[in-house]
**Student:** 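The structure under discussion is supplied below as structure tokens; questions concerning it will follow.
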Amino acid sequence: MTTSRHADPLGAAATAPTTADPTSRPEGRPGSPSGALDTVVLTGITAKGYHGVFDHERRDGQPFAVDIVLHLDLQPAGVSDDLARTAHYGELAELVHGIIEGEPFDLIEALAETIATAVLGSFPVAAVDVTVHKPKAPIEVPFGDVAVTLRRSRP
């Protein structure tokens, strides 16, 4: 890597990179649990589910939406252009959709935990963030959304 010298506004010299070393990894990546991983984000996976503590929620169902953030190293897929070296987000969407429509849970926390466990067991990720939205929750005052977000990592 080459560097150039430039003065800061206070007159002190600073060193800044002028070319990127293609083999170097950035010091950190925003949103990553370790700061050293890339992310794949899939938002708005929507399905009708029967989750909730009230009889009418279990009987009638309601819409749920899930957002997923996968934390993994995308460089092998980016360099090779090989789908097998990343997480297939079409398969991820199908997995999450099936869990939303599947076994009912009392709490959206349990739904989120189940999704996170399934993702960690099915995809080559170091960690996953799961947000479950329940926009039609039985709350007696006007509101926009209720959601839980959790992050689970491999041990």
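Please read all numbers here as calculations on a predicted model, not as lab measurements.
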**Student:** Are V96 and L107 connected in the hydrophobic side-chain network, where two residues link if heavy atoms are under 4.5 Å apart?
**Tutor:** no
**Student:** Are V148 and F54 connected, step by step, through hydrophobic side chains (Ile, Leu, Val, Met, Phe, Trp, Tyr) whose heavy atoms are closer than 4.5 Å?
**Tutor:** no
**Student:** Residues two or more places apart in sequence or in another chain: which of them pass side chain to side chain donor-acceptor pair (under 3.5 Å) with R85?
**Tutor:** none
**Student:** I'd like to know if Y50 and V66 are part of one continuous hydrophobic network [Ile/Leu/Val/Met/Phe/Trp/Tyr, side-chain heavy atoms within less than 4.5 Å].
**Tutor:** no
**Student:** Can you name the side chain to side chain donor-acceptor pair (under 3.5 Å) partners of Q62, sequence neighbours left out?
**Tutor:** E57
**Student:** If the test is side chain to side chain contact (heavy atoms under 4.5 Å, CB included), which one of T149, I99, L111, I100 qualifies with V132?
**Tutor:** L111
**Student:** Side chain to side chain contact (heavy atoms under 4.5 Å, CB included) with A137: which residues, sequence neighbours excluded?
**Tutor:** K134, I139, F143, V146
**Student:** Mind checking side chain to side chain contact (heavy atoms under 4.5 Å, CB included) for A110 and listing every partner two or more places apart, or none if nothing turns up?
**Tutor:** F105
**Student:** Are the charged groups of D60 and K48 less than 4.0 angstrom apart, N to O?
**Tutor:** no
**Student:** What pairs with T43 under side chain to side chain contact (heavy atoms under 4.5 Å, CB included), at least two apart in sequence or on another chain?
**Tutor:** V41, D67
**Student:** Any donor and acceptor pair, going by atom type alone, linking the side chain of H133 with main-chain N or O of P63 inside 3.5 Å?
**Tutor:** no
**Student:** Please list all pairs meeting salt bridge (charged side-chain N to carboxylate O under 4.0 Å, His left out) that have one or both residues in residues 111-127, counting only residues at least two apart or in different chains.
**Tutor:** E113-R152
**Student:** Using a cut-off of 6.0 Å, state whether more than 12 heavy atoms not belonging to D145 lie near its atom CG.
**Tutor:** yes
**Student:** Between I115 and I68, does a side-chain contact (heavy atoms from CB on, under 4.5 Å) hold up when you go through it step by step?
**Tutor:** CA-CA 9 Å; I115 292 169; I68 301 286; 3.8 Å; yes
**Student:** Please determine whether residues V128 and L42 belong to a single hydrophobic cluster, defined as Ile, Leu, Val, Met, Phe, Trp and Tyr linked transitively by side-chain heavy-atom distances below 4.5 Å.
**Tutor:** yes
**Student:** Once rounded to the nearest 0.5 Å, what's the spacing between atom CD of E91 and atom CD of E94?
**Tutor:** 7.0 Å
